[in-house]
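All remarks here apply to the structure that follows.
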Amino acid sequence: MKLLYRAAEWHAFAKMRMHTESTLIHLEGITKELGKLTRNFEQATRSRYMTFELRREAEARQRRDKNRQQKSGSSKRAKLLNLFTYKWHALADYVPTIRLFGGSDGFSTQIVRASIMIGIARY
């Protein structure tokens, strides 16, 4: 339950429109605790629960392997929580990014795309 609460708290702080130094320090602390809780959750559930890919995932894998001429088993493969992905790694980058650019509502790639398109249209 603590992991769920910390994830919600992290999300609320990360999406704030205005930050102060104290909210950013708090967000850094929450990020560290969220990482620790997530790693503990992964270690605790890995040995307790056997999780497998969904039927549609297994069917899609079999179709891909068939198209690639690879032999694949008909059974479902075991699935584990993978914490070695970019989305987990990037959590630590939120606070430095907010310090550089402000809250996530303060910048957008649409403005850049629009100004590039205007610049292209002029030439």
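Numbering starts at 1 and runs along the sequence shown. Values below: every heavy atom of this structure, side chains too, minus hydrogens, waters and symmetry copies.
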| said: One thing to verify: whether Glu59 and Lys66 come together as a salt bridge, which I'm taking to mean a side-chain N less than 4.0 angstrom from a carboxylate O. | reply: no
Acceptor/donor pairs from residues 46-55 side chains to any protein atom, 3.5 angstrom cut, sequence neighbours excluded:
residue	atom	partner	partner atom	Å
Arg46	NE	Glu42	OE2	3.0
Arg46	NH2	Glu42	OE1	3.0
Arg46	NH2	Glu42	OE2	3.4
Thr51	OG1	Lys79	O	2.3
Glu53	OE2	Arg61	NE	3.0
Glu53	OE2	Arg61	NH2	2.5
Glu53	OE2	Arg77	N	3.2

| message | Using only atom types and a distance under 3.5 Å, with no angle test, would you say the side chain of Arg39 pairs donor to acceptor with the backbone of Gly35? | response | yes
Specify whether Tyr94 and Trp10 have parallel, tilted or perpendicular ring planes, treating 30° as the upper limit for parallel and 60° as the lower limit for perpendicular.
perpendicular
All heavy atoms of Ala58 vs all of Lys76, minimum pair found to be CB-CG, 4.2 Å
### Message
Salt bridge or not between Lys36 and Glu33? Use side-chain N to carboxylate O under 4.0 Å.
### Response
no
Sorted by chain and residue number, the side-chain hydrogen bond (donor to acceptor under 3.5 Å, both in side chains) partners of Thr85 (sequence neighbours excluded) come out as none
I'd like to know if the side chain of His26 pairs up with that of Glu9 as donor and acceptor (distance under 3.5 Å, no hydrogens or angles considered). yes
Interatomic distance, CG@Leu91 vs NZ@Lys32, rounded to 0.5 Å, equals 14.0 Å
Checklist line | Verdict with reasoning, Phe41 to Leu81, per side chain to side chain contact (heavy atoms under 4.5 Å, CB included) | finding: CA-CA 10 Å; Phe41 172 80; Leu81 176 60; 4.0 Å; yes
Rounded to the nearest 0.5 angstrom, the CG-CZ distance for Leu37 and Arg6 is 7.5 Å
Residues at least two apart in sequence or cross-chain that pass side-chain contact (heavy atoms from CB on, under 4.5 Å) with Thr38, listed by chain then number, are Leu3, Leu34, Leu83, Trp88
Contact check, side chains of Leu27 and Thr23, non-hydrogen atoms, under 4.5 Å: no
*Go through the steps for Glu21 and Ile25 under the test side chain to side chain contact (heavy atoms under 4.5 Å, CB included), then give the verdict.*
CA-CA 6 Å; Glu21 189 58 29; Ile25 290 169; 3.8 Å; yes
